[in-house]
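The structure appears right after this line, and notes come after that.
Just the heavy atoms: all of them, side chains too, but no hydrogens, waters or symmetry mates, feed the values below. Since the model is a prediction, treat every value here as computed from it, not as a measurement. Below, chain A is the first sequence line, B the second, and so on; all start at residue 1.
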Amino acid sequence: MFISKFSQLGARVVEHLTREPSISVSRSPYLYAVRHRNLQSLMQERFFSTTDKAINEGCKEKQKISVTFVGDGGEETTIKVPVGMSMLEAAHENDIELEGACEGSLACSTCHVIVMDMDYYNKLEDPTDEENDMLDLAFGLTETSRLGCQVIASPELDGLRLALPAATRNFAVDGYKPKPH
Amino acid sequence: MLLQFRGESDGNYYGKQRYNGYEYAAPQNQDYGGAAAAYGALGMGHQLMGCIYRALSKLFLRRSYSSFSSHPLRVCVVGSGPAGFYTAEKMLKAHQNAEVDIVDRLPTPFGLVRSGVAPDHPETKIVTNQFSRVAHNDRFSYIGNVTLGSSISLSELRDLYHVVVLAYGAESDRAFGVPGEGLSGIHSAREFVWWYNGHPDCSNLAPDLKSSDTAVVLGQGNVALDVARLLLRPTMELATTDIASSALAALNESSIRKVYLVGRRGPVQAACTAKELREILGIKDLYIHIRNVDLLTTSSDEEEMKSSRIRRRVYELLSKAASSETSGPSPGQRELHFVFFRKPDKFVESDEKSGHVAGVQLEKTVLREDEGTGIQTAVGTGQFDELSCGLVLKSIGYKSVPVDGLPFDHHKGIVPNAMGRVLSDNAEDTIQFERGLYVSGWLKRGPTGIVATNLYCAEETVASITEDVKKGDIISTNTLARPGKNGLLHVLDNRNVKVVPFSSWEKIDNEEKRLGSLVGKPREKLRSWNELLRVAMS
């Protein structure tokens, strides 16, 4: 639990580090992803070097979690996501159709996902004001909506299910509710 | 006669050709070669050309029928902003046989992402990476410096392509229609935004930022907040953005210290979003004034907030800002005043400087609920007050401009449409669509929403096109082959229109980035038509 919190914190720190100079950057998503991951694994290595070897081994197995994306037609895609990676990056690496107009810089709401299980939603850190500002503008906002770029894989999120909002339908009708599973 | 035209086309079209920087292989199918040649070579009236084209299509119909399914679906999108590019992207994805061309009247793509999004919002511009990836698709072409209505008419485009999607947005402004609106010192926010963003049509705007310390911004939407922020934000913070250098210099010398943001209705109805509001409220060392009495809410206001998360959050931000307000501005401190429940009654002319604005007379308003719609609208009370100022920016909405041959709803300022399908003008009782003609973006739904709104808007239009293609409405036996890009370029070449392909935009892009790197900016925009075209054609 402590480990997971730590790595989550690490991810946030890294995010801030990478986001800070964004005023003059328009970086490619790939570059961003690579930099993000390298720093992330560096943080983890540092931590693991000071922990008991057995725990270390156990955690390494858990470094990928299982996440299921549910499309607007109900079709499911389950992927393995390395701890520390955002759902936006994970979706793009696996050809899942999740828009990411601002490439994870919290300037749009196109990577809107709906956490299908309230228990999982509650495991996430609360959205920041900035994320909420963007969620204001998301189509088909629900109680458990988040931005995919702000949901970072961590061990306790293993088994997470995310619904992709039905864009076209929501354009006309607000208040889309995820199907119960 | 007809065959003779075709013979000419054989000479013109086979082998590789270059038109305005485009190099392309000769069309594999001869059918449209003749039509395109007929278009260009003879320079005859559009109507006649259309006739000839249709006759040619019919003539060669039988031969190409066998290749019906493999025929490219030729699509032209007018306008290269988010609505245009999202439409192109979705079309390319949904139709593997689609060839999509975007024409734009500017030599630069991306519409308001380039000329609308504020220079201090670089994150919002990242979407151009995605659009540039679309632009490199083999089935896509960007054709800049082409104006619908003068370089090419709508009916010509419709003859050249199976599908035409108009996504050229809203390039004009709504007006108040009150006395004095034509005084100098009054600009639309659009012009002001184009000016600081280096749009070639407004690079010479030269707004007067020196003769007064006060500006009035009429409107409280995000554009209003953008222009207010640009006026109030320390210019040092703007120096590292892609703001036009002329605008940066003018803002550096600006004497404006006080900005009034005026809205007809109250803080619950303010049209801005939380992000932009949070940003302006967070400007360093800025005195913010909101009258507490304006923050009182009625039961109708409470209802509005209950049903809209964004209205609630905007109201909360304003309340918080009001409660943390200090007793008054310190000397020299910049000031932002939110003025609610006021609408302009007239603009007041200066006594000293003839023809120049010196203030705005405002009428107090109250909210009245429309019984039909339940929407609270502002109604004048007959009480007036005045704000003195030397600059007025009107930010009450953009307006689309129609072109010849396009059905247009002048009241709503949009093209009448159903899910993006353009409705015919003559449709009285029966609904009739303009075949192959669609709209997307602001021209379709009015000038509201954010970049992402166009994503859903484009999806809807593309879904309509897809449905019509499946029904056989688009590529029917009469319209099997269309000349598409080659035909268009041929027509433009004959009219001496110098088109700017995406590769030439990339020259502009590189040059702007190079110039920017010399002064510590992400780019230094080329601001005149001449410069833009010179670099593009280099």
Side-chain angles (χ1 to χ4, degrees), chain A residues 15 18-32 72 88 92 95 97-112 127-143 145 147-149 164-176, chain B residues 82 85-86 89-90 93 113 117 119-133 222 237-238 240-242 273-279 307-314 317 419 445 449-464 513 516-517 520-523:
Chain A
E15 260 172 60
T18 52
R19 204 178 296 139
E20 213 55 45
S22 67
I23 190 101
S24 61
V25 209
S26 66
R27 56 182 173 264
S28 99
Y30 309 107
L31 185 69
Y32 174 63
D72 55 12
L88 174 63
H92 283 186
D95 293 325
E97 287 203 29
L98 183 61
E99 292 280 340
C102 77
E103 298 174 7
S105 64
L106 263 182
C108 77
S109 54
T110 54
C111 65
H112 173 203
T128 59
D129 283 343
E130 288 72 22
E131 185 182 349
N132 271 324
D133 288 353
M134 290 301 120
L135 283 170
D136 278 353
L137 308 168
F139 288 96
L141 188 74
T142 71
E143 297 271 299
S145 287
L147 294 183
C149 66
L164 304 174
T168 314
R169 259 178 290 151
N170 288 333
F171 187 51
V173 189
D174 250 13
Y176 169 79
Chain B
F85 259 105
Y86 275 130
E89 184 181 31
K90 304 283 164 197
K93 206 175 259 180
V113 179
V117 172
D120 53 351
H121 286 170
E123 329 77 47
T124 309
K125 304 185 195 205
I126 289 175
V127 72
T128 57
N129 291 345
Q130 186 178 343
F131 296 158
S132 298
R133 286 196 291 274
N222 280 347
E237 297 176 10
L238 296 171
T240 51
T241 71
D242 67 1
T273 59
K275 180 200 172 187
E276 274 72 15
L277 183 58
R278 192 187 304 284
E279 199 175 7
S307 59
S308 167
R309 162 184 158 129
I310 190 162
R311 298 276 66 84
R312 188 171 65 241
R313 296 184 75 239
V314 163
L317 279 171
M419 315 271 282
R445 54 170 218 278
I450 54 171
V451 174
T453 317
N454 296 291
L455 172 69
Y456 308 111
C457 190
E459 262 177 18
E460 188 187 73
T461 296
V462 170
S464 295
K513 285 176 178 161
S517 71
K521 295 168 72 169
R523 73 169 66 237

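Between chain B and the options A:Gly100, A:Ala107, A:Ala101, heavy-atom pairs under 4.5 Å are most frequent for A:Ala101.
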*Derivation of the side chain to side chain contact (heavy atoms under 4.5 Å, CB included) call for B:Thr273 and A:Asp136*: CA-CA 8 Å; B:Thr273 59; A:Asp136 278 353; over 6 Å; no

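Rounding to the nearest 0.5 Å places CG of A:Asp133 at 7.0 Å from CG of B:Leu317. Note that the CZ atom of B:Arg278 and the CD atom of A:Glu130 stand 6.0 Å from one another [nearest 0.5 Å].
For B:Ile310, the parts lying near chain A are the backbone and the side chain together; criterion is any non-hydrogen pair under 4.5 Å. Of the atoms belonging to A:Cys108, not a single heavy atom falls under 4.5 Å from chain B.
With contacts defined as side-chain heavy-atom distances shorter than 4.5 Å, the pair B:Ile126/A:Ser105 qualifies. Considering only heavy atoms from C-beta on, A:Ser109 comes within 4.5 Å of B:Ile450 through its side chain.
Ion pairing between a basic and an acidic side chain is recognised when a charged N comes within 4.0 Å of a carboxylate O; A:Glu97 and B:Lys90 show no such pairing.
A:Thr110 and B:Tyr456 get closest at one heavy-atom pair: CA-OH, 4.4 Å.
Under a 3.5 Å cut-off, the side chain of B:Arg313 and the backbone N or O of A:Asn132 do form a donor-acceptor pair.
In this view, B:Arg523 and B:Asp509, B:Glu512 satisfy the salt bridge (charged side-chain N to carboxylate O under 4.0 Å, His left out) rule, not counting sequence neighbours.
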